[in-house]
Amino acid sequence: MAFQLPANKKMQVRIIKNGITMDSPGKLTCLLIATAIFVSAQSVYPIANMFKPEATPADSIFNVSMLMLAICAAIFLVVGGLLAFTIVRFRRRKTDNSNEPVQVYGSNRIEIAWTVIPVLIVIVLSMATARAVVEVQNKRMPPDALKVTVVGHQWWWEIRYPELGIVTANELHVPQSSVAKLAHTFLKLQSADVAHSFWVPQLSGKIDLIPGITNSMWLDPRRTGIYLGNCAEYCGTQHANMLIRVIVDTPEDFEKWAAAQKVNASADPQLEAARSAFMALNCINCHTVSGTAAKGTFGPDLSHLMSRTTLAAGVLPNTAENVRAWVKDPQAIKRGNLMPNMQLNPRELDEIVTYLASLK
Ligand code: CUA
């Protein structure tokens, strides 16, 4: 199987390796490379529109921010307007013969006004914010809520559905909530190493994942689709490459997805050789493949690897070619990540990739 990275990914890999330099390719080429990365980035990292909330917690935040924006815009217009008026109306004129304007000291009425009005504005803004916080935080968990534990790792997301017995990574599937059938997903957020932050702008606010502490958040997305989020707390070199996808399915699609995830990993008898090769390597110390001897929990669960859309927490589209590039040298793709280059020979690499690509 001949392997080729897509051209734009090759550039990206080279830039990650070398850092962006202006020397050899020249500025125009650099611009082209930047454009290529941006265009490729469009497909792998579509940008979430935070002004289009699609779940109740995001609505609350959106409403408070619009209120803040409106009040601040009004203050800006009043202050800026008064300032502009004053500058024009009281500018120095040719007929002015003294150097200094008339000096005015103190006006109780004005001073009371500019103390009381800002105090009232601050009270209104804090009450509105407190109300939104309470609305989101004090939400009681409905008995039929889907429970999910999200664990932040450097630099990927472990996603567990304890009641369904599903473990996956980087892609959180949740059912759509509709008027006919409300569906809430309650998240427990934890960290395996350093502080991370779960942020899917269209669905909820940012919630930190702190070692030793369990935080919580809930979602009730109204529309099916893929909602992109980022880690929003600097957590090391690859913080920017710690993307999360929330995939909102119709309740039927969610059931189908969950049923497929619950099944043990594919054990195609024709792939016995490839499977044995995988089981004989160190891969199994860090990764789990359900129904096999691979029970590591340090890295992402691979039982249904190919059912996910991206690799390495959103860095590459999940194709057999990219799995090969990743296994061959993970550090070339996501430098600093905790998976070492296993120095596999070409035969081992073929077998590992054949096996991983069968894990649908
Ligand atoms: Cu995890 Cu930033």
Side-chain angles (χ1 to χ4, degrees), residues 12-13 15-17 19-20 37-38 40-42 44-50 55 57-58 61 136 148-162 166-174 185-219 226-247 286-288 296-302 305 308-318 322 326 330-340:
Q12 190 172 353
V13 169
I15 285 177
I16 290 169
K17 268 184 173 164
I20 297 176
I37 290 171
F38 184 72
S40 77
Q42 288 284 298
V44 190
Y45 318 96
I47 293 163
N49 181 359
M50 67 174 93
I61 293 166
V136 174
V148 183
T149 303
V150 177
V151 185
H153 291 256
Q154 281 177 316
W155 292 277
W156 59 282
W157 306 88
E158 176 183 344
I159 296 166
R160 301 181 159 264
Y161 299 75
I166 296 172
V167 183
T168 181
N170 305 323
E171 292 180 7
L172 169 61
H173 280 255
V174 302
T185 302
F186 272 68
L187 306 177
K188 272 189 187 170
L189 301 158
Q190 302 169 338
S191 169
D193 37 46
V194 299
H196 302 273
S197 179
F198 178 94
W199 188 37
V200 183
Q202 286 184 277
L203 302 182
S204 77
K206 293 176 185 170
I207 302 287
D208 283 357
L209 297 86
I210 311 281
I213 291 178
T214 298
N215 282 334
S216 58
M217 174 43 80
W218 57 280
L219 315 167
I226 299 179
Y227 297 86
L228 199 77
N230 296 57
C231 178
E233 177 77 46
Y234 182 73
C235 54
T237 320
Q238 292 291 349
H239 156 70
N241 282 326
M242 188 170 165
L243 285 90
I244 186 152
R245 281 171 156 68
V246 177
I247 300 172
C286 292
H287 295 283
T288 292
T297 52
F298 197 62
D301 188 297
L302 301 176
L305 171 68
R308 309 201 276 260
T309 54
T310 70
L311 278 177
V315 173
L316 291 174
N318 190 5
N322 287 338
W326 175 264
Q331 298 302 318
I333 293 168
K334 191 167 174 180
R335 188 160 65 186
N337 89 81
L338 298 179
M339 176 159 159

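As the structure lists them, so they are numbered: ligands from 1, and atoms in each ligand from 1. In this chain, numbering begins with 1 at the start of the sequence shown. Remember, it's a predicted structure, so these values are computed and weren't measured experimentally.
- Inclusion of Met242 in the first shell of atom 1 (Cu) of ligand 1 is supported: an N, O or S atom falls under 2.8 Å.
- Geometry note: atom 1 (Cu) of ligand 1 is the vertex, Cys235 SG and Cys231 SG are the arms, and the angle is 120° (rounded to 10 degrees).
- In this structure a side-chain-to-backbone donor-acceptor pair under 3.5 Å is present from Asn170 to Trp157.
- Side-chain atoms of Thr168 and Arg308 include a donor-acceptor pair closer than 3.5 Å.
- Take the N/O/S atoms of His239: the one nearest atom 2 (Cu) of ligand 1 is ND1.
- The backbone N or O of Ile210 sits nowhere less than 3.5 Å from a side-chain atom of Asp208 that would complete a donor-acceptor pair.
- Atom 2 (Cu) of ligand 1 is closest to atom O of Glu233 (considering only N, O or S atoms).
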For Leu243 and Thr310: C-alpha separation, side-chain torsions, deciding distance, then whether side chain to side chain contact (heavy atoms under 4.5 Å, CB included) applies.
CA-CA 10 Å; Leu243 285 90; Thr310 70; over 6 Å; no

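- Side-chain N/O atoms of Thr309 and Glu171 include a donor and acceptor closer than 3.5 Å.
- At least one N/O/S atom of His196, whether from backbone or side chain, sits less than 2.8 Å from atom 1 (Cu) of ligand 1.
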